[in-house]
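The block underneath contains the structure these notes are about, expressed in structure tokens.
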Amino acid sequence: MTSSRLQRCIAGIVAFFTLAQAADLDPIVIKGSKFFYKTNGTEFFIKGIAYQQDFAGNGSTTLTNGQTSYTDPLANATACERDIPYLQQLQTNTIRTYAVDPTKDHSQCMQMLADAGIYVISDLGEPATSIDRNLPEWNAELYARYAAVVDNLASYTNTLGFFAGNEVSNQPNNTVASAFVKAAVRDMKAYIVQKKYRPIGVGYATNDDDTREELANYFDCGSSADSIDFWGYNIYSWCGVSSYADSKYEDRTQEFSSYNVPAFFAEYGCNKVEPRLFDEVESLYGTNMTPVWSGGIVYMYFQEANDFGLVTLGSDNKVTKLPDYSALSSQIAKVTPTGPNSASYSPTNSPQGCPTTDSQWQAVTQLPPTPNTASCDCMYSNLTCVAKSDLADSKIQSQFGFICDPSLGNNCGGVTANASTGVYGTWSMCNATQRLSWAFNEYYLNQTATNTKNTDPCDFSGTAQKVSPKPANSCKSVLSQAGAAATGSVTNAPTPTGGSGGSGGSGSSSSSKGAAGVVGVPAIDLAALKLGAYVCTAVLVGMGMMLL
């Protein structure tokens, strides 16, 4: 074994034991509308800080090339070590992260946070791969991204939960997007069960607008398998010197008094008046609100252009406390929220009723289908006319605009999703290249059957090509259930071989107008893995014998 391989081997063993140590923090469990420590049943109130550098509204930093990036706050152990003492001084027991990279190692930061008694609530998306309110989708790429974050963080007992979306629907004309976010909630809850992880909640964080009541009801109504496990409320109505009544905290508390899952402030801390006083802390953790609310998360730790920071980082990477930090520290030190013990608590609230569709609310209760890459691969392998795999976003968008024109026929019914009617094409869950290919093929089949004058119906200005269909035997039932018009429901889909869309190519990020492609997940060479484990074990045994 080479020195570098030995180092990687030992690093892997160290990481394994680091993960094992991180399991010391008592998991938080949900019962009714409250959080509790699993071991002693004491009610858990979130005293949180939003912790993500360069976070600007949607977790993104815009680069000079127009793309977006983000700084993973859990992948930098040096920064975590620097900041955790400052979080502890604020009695922080929870941080919220808006985007983490599931390909990176978070064990060191998560261990340090666990040692400090700090839990993590993480958003599942990231700037380029999340549900877009203007062009909402729930597809294979998004599923792969969200599931990867779950996989990465589920083993840590100080992972409190996940947000499947943040302020996705923010006005009546984009409330249809909520159906796609709720589908993500449903599927990530099912994924956690499927992977046999410990119970970890999946919720949604909303802004404070005119659709607040419909949003809260929509995500909570219906089957528990489809609905949120907790509700995050981003609220900035207490500004400067205010009161429980004037800030509308009283109204919001009354509205959520019948909510049957935990509700908390996922962001708070209005900065219209500076420095912030944080007088709302006394109310949030006082007797008026603690029966309904499970605490809150102050926005935010780092000082950025939006001027919400509690601290600044100097050019030497050292932390300097701002006046807001001192004010929050003073206020949080005054509160000691208390609640019932889990053993004596008997929840009585029921799920909310679903909102009716009108000018204020557009999403119906029927949710988009669960993405399944293997089913999409089956569909794609059965096509004769397909889109080329290297098309740019703009080209995919323009071709969708062309091929979905009703004047050309119903070429896109099997790949479109309409959350205002609850009608979803079977292949609406597939990646952009696969969906465009299905639409191209529909047009191609129609032209070859009815229009003999069209001598090249599979060209589409050079964006398509003819191939030989080669569906596997396992695809027969999938294609039969979908039906020729792709309006059927696939109930016994084959197991995906990975998180990619396979033969359909990889379009682009879901935030682009060209719609989403699929993130490729490399296949695991089990033979090599077993060999590596054997060699690593042999080395460690040998080292142990030398120690003896």
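The figures here come from the full heavy-atom set of this structure, side chains too, leaving out hydrogens, waters and symmetry mates. Everything numeric in this text was worked out from a predicted model, so none of it was measured.
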What class does the angle between the rings of Phe219 and Trp231 fall in, given that below 30° is parallel, 30 to 60° is tilted and above 60° is perpendicular? tilted

Using a cut-off of 6.0 Å, state whether more than 12 heavy atoms not belonging to Glu213 lie near its atom CD. no

Other residues, nucleotides, ligands: >12 heavy atoms within 6.0 Å of Gln194 CD: yes

Report the C-alpha distance between Val261 and Asp220 in whole Å, list the side-chain angles of each, state the deciding distance to 0.1 Å, and finish with yes or no for side-chain contact (heavy atoms from CB on, under 4.5 Å). CA-CA 8 Å; Val261 298; Asp220 184 54; 4.0 Å; yes

For Gly413, does its backbone N or O pair with a side-chain atom of Asn410 as donor and acceptor, under 3.5 Å? yes

Please give me the minimum heavy-atom distance between Tyr146 and Ile131, naming the atom from each residue. OH-N, 3.6 Å

Please answer whether the main-chain N or O of Gly161 pairs with a side-chain N or O of Thr159 as donor and acceptor at a distance below 3.5 Å. no

Verdict with supporting geometry, Asn234 and Thr206, side-chain contact (heavy atoms from CB on, under 4.5 Å): CA-CA 6 Å; Asn234 300 343; Thr206 183; over 6 Å; no

Please determine, by modelled atom types, if Asp151 and Tyr191 share a side-chain donor-acceptor pair under 3.5 angstrom. yes

Asn207-Asn166 side chain donor-acceptor pair, cut-off 3.5 Å: no

Nearest non-hydrogen partners of Tyr119 and Ile28, listed with the distance: CE2-CG1, 3.5 Å

What's the spacing between Lys31 NZ and Lys38 NZ if we round to 0.5 Å? 14.5 Å

Taking atom types as modelled, find out whether Ser122 and Thr97 have a side-chain donor-acceptor pair closer than 3.5 angstrom. yes

Does the side chain of Glu141 come under 3.5 Å of the side chain of Asn431 through a donor N or O and an acceptor N or O? no

Using side-chain contact (heavy atoms from CB on, under 4.5 Å), reason through Cys412 and Thr416 one step at a time and then give a plain yes or no. CA-CA 6 Å; Cys412 295; Thr416 55; 3.9 Å; yes

Tyr37/Phe44 under ring-ring contact (aromatic ring centres under 6.0 Å, His included): CA gap, chis, key distance, verdict: CA-CA 6 Å; Tyr37 288 99; Phe44 178 81; 5.3 Å; yes

Mutual orientation of the aromatic rings belonging to Phe264 and Phe35 [parallel < 30°, tilted 30-60°, perpendicular > 60°]: tilted

For the OG1 atom of Thr92 and the CG atom of Leu87, what is their distance to the nearest 0.5 Å? 4.5 Å

Ser247 versus Ser237, side-chain donor and acceptor atoms under 3.5 Å: no

Would you say the side-chain atoms of Asp279 and Gln331 include a donor-acceptor pair closer than 3.5 Å? yes

When you measure from the side chain of Asn174 to the backbone N and O of Arg133, does any donor-acceptor pair fall under 3.5 Å? no

Kindly indicate whether the side chain of His106, heavy atoms from C-beta on, has any atom under 4.5 Å from the side chain of Val100. yes

Return the orientation label for the Tyr143 and Trp138 ring planes: parallel under 30°, perpendicular over 60°, tilted otherwise. tilted

Arg186 and Thr370: side-chain donor and acceptor closer than 3.5 Å? yes

Which heavy atom in Ser169 sits nearest to a heavy atom in Thr175, and how many Å separate them? OG-CA, 3.5 Å

Will you find, in the side chains of Arg212 and Tyr233, an N or O donor that is under 3.5 Å from an N or O acceptor? yes

Under a 3.5 Å cutoff, is there a donor and acceptor pairing between the side chains of Ser33 and Tyr345? yes

Quick check, are the ring centers of Trp238 and Tyr268 under 6.0 angstrom apart? no

Hey, does the side chain of Trp361 reach the backbone of Ala363 with a donor-acceptor pair shorter than 3.5 angstrom? yes

Got more than 12 heavy atoms from elsewhere within 6.0 Å of CD, Glu255? yes

Please check if any side-chain donor atom of Asp115 sits under 3.5 Å from a side-chain acceptor atom of Gln111, or the reverse. yes

For Tyr51 and Asp83, test the side chains for any donor-to-acceptor distance below 3.5 angstrom and give the result as yes or no. yes

Fit a plane to each ring of Phe256 and Trp293, take the angle between them on a 0 to 90° scale, and name the class: parallel (under 30°), tilted (30 to 60°) or perpendicular (over 60°). tilted

Does the structure place the NZ or CZ of Lys182 under 6.0 Å from the centre of the six-membered ring of Tyr218, at an angle of no more than 45° from the ring's axis? yes

Partner of Phe230 under ring pair (Phe, Tyr, Trp, His ring centres under 6.0 Å), chosen from Phe265, Phe163, Tyr204: Phe163

Residue pair Cys80 / Met112: nearest heavy atoms and the distance that separates them: CB-CE, 3.8 Å

For Val281 against Ile332, the heavy-atom pair lying closest together: CG1-CD1, 3.9 Å

Please step through side-chain hydrogen bond (donor to acceptor under 3.5 Å, both in side chains) for the pair Gln434 and Asp377, ending with a clear verdict. CA-CA 8 Å; Gln434 291 171 329; Asp377 288 347; 3.1 Å; yes

Are any non-hydrogen side-chain atoms of Leu215 and Asp209 less than 4.5 angstrom apart? yes

Hey, are Glu126 and Thr129 close enough side-chain-wise for a donor-acceptor pair under 3.5 Å? yes

Distance-only donor-acceptor check, side chains Glu137 and Asn139, under 3.5 Å: yes

Under 6.0 Å from the CG atom of Asp210, do we count more than 12 heavy atoms belonging to anything else shown? no

Looking at Lys248, I'd like to know if its NZ atom is crowded, meaning that more than 12 non-hydrogen atoms belonging to other residues, nucleotides or ligands lie closer than 6.0 Å. no

Distance-only polar pair, side chains of Asn306 and Tyr299, donor-acceptor under 3.5 Å: yes

How about Asp358 and Gln360: does a side-chain donor come under 3.5 Å of a side-chain acceptor? no

Should Val185 and Ser227 count as side-chain neighbours, where that means a heavy-atom distance under 4.5 Å? no

Test item: Arg145 side-chain N/O and Leu124 main-chain N/O as donor-acceptor pair under 3.5 Å: yes

Considering all heavy atoms, the nearest Ser375-Val490 contact: OG-CG1, 3.9 Å

Expected output: side-chain Thr157 to main-chain Asp26 donor-acceptor under 3.5 Å: no

Mind running side-chain contact (heavy atoms from CB on, under 4.5 Å) on Ile297 and Arg96 for me, showing each step along the way? CA-CA 7 Å; Ile297 298 171; Arg96 177 183 177 185; 3.9 Å; yes

Checking the side chain of Ser428 only, and the main-chain atoms of Gly425 only, is there a donor and an acceptor separated by less than 3.5 Å? yes

Ignoring hydrogens and angles, tell me if any N or O in the side chain of Tyr285 forms a donor-acceptor pair with the backbone of Thr338 under 3.5 Å. no

Please report the interatomic distance CG(Leu74) to CG(Leu113), rounded to the nearest 0.5 Å. 6.5 Å

Is a side-chain donor or acceptor of Gln52 paired with a backbone partner of Ala99 at a separation under 3.5 angstrom? yes

side-chain hydrogen bond (donor to acceptor under 3.5 Å, both in side chains) assessment of Glu267 paired with Tyr236: CA-CA 8 Å; Glu267 291 176 6; Tyr236 293 90; 2.7 Å; yes

Test your reading of the model: is there a side-chain donor-acceptor pair from Ser257 to the backbone of Gln254, 3.5 Å cut-off? yes

Are any of the side-chain nitrogens in Lys189 or Asp226 under 4.0 Å away from the carboxylate oxygens of its partner? no

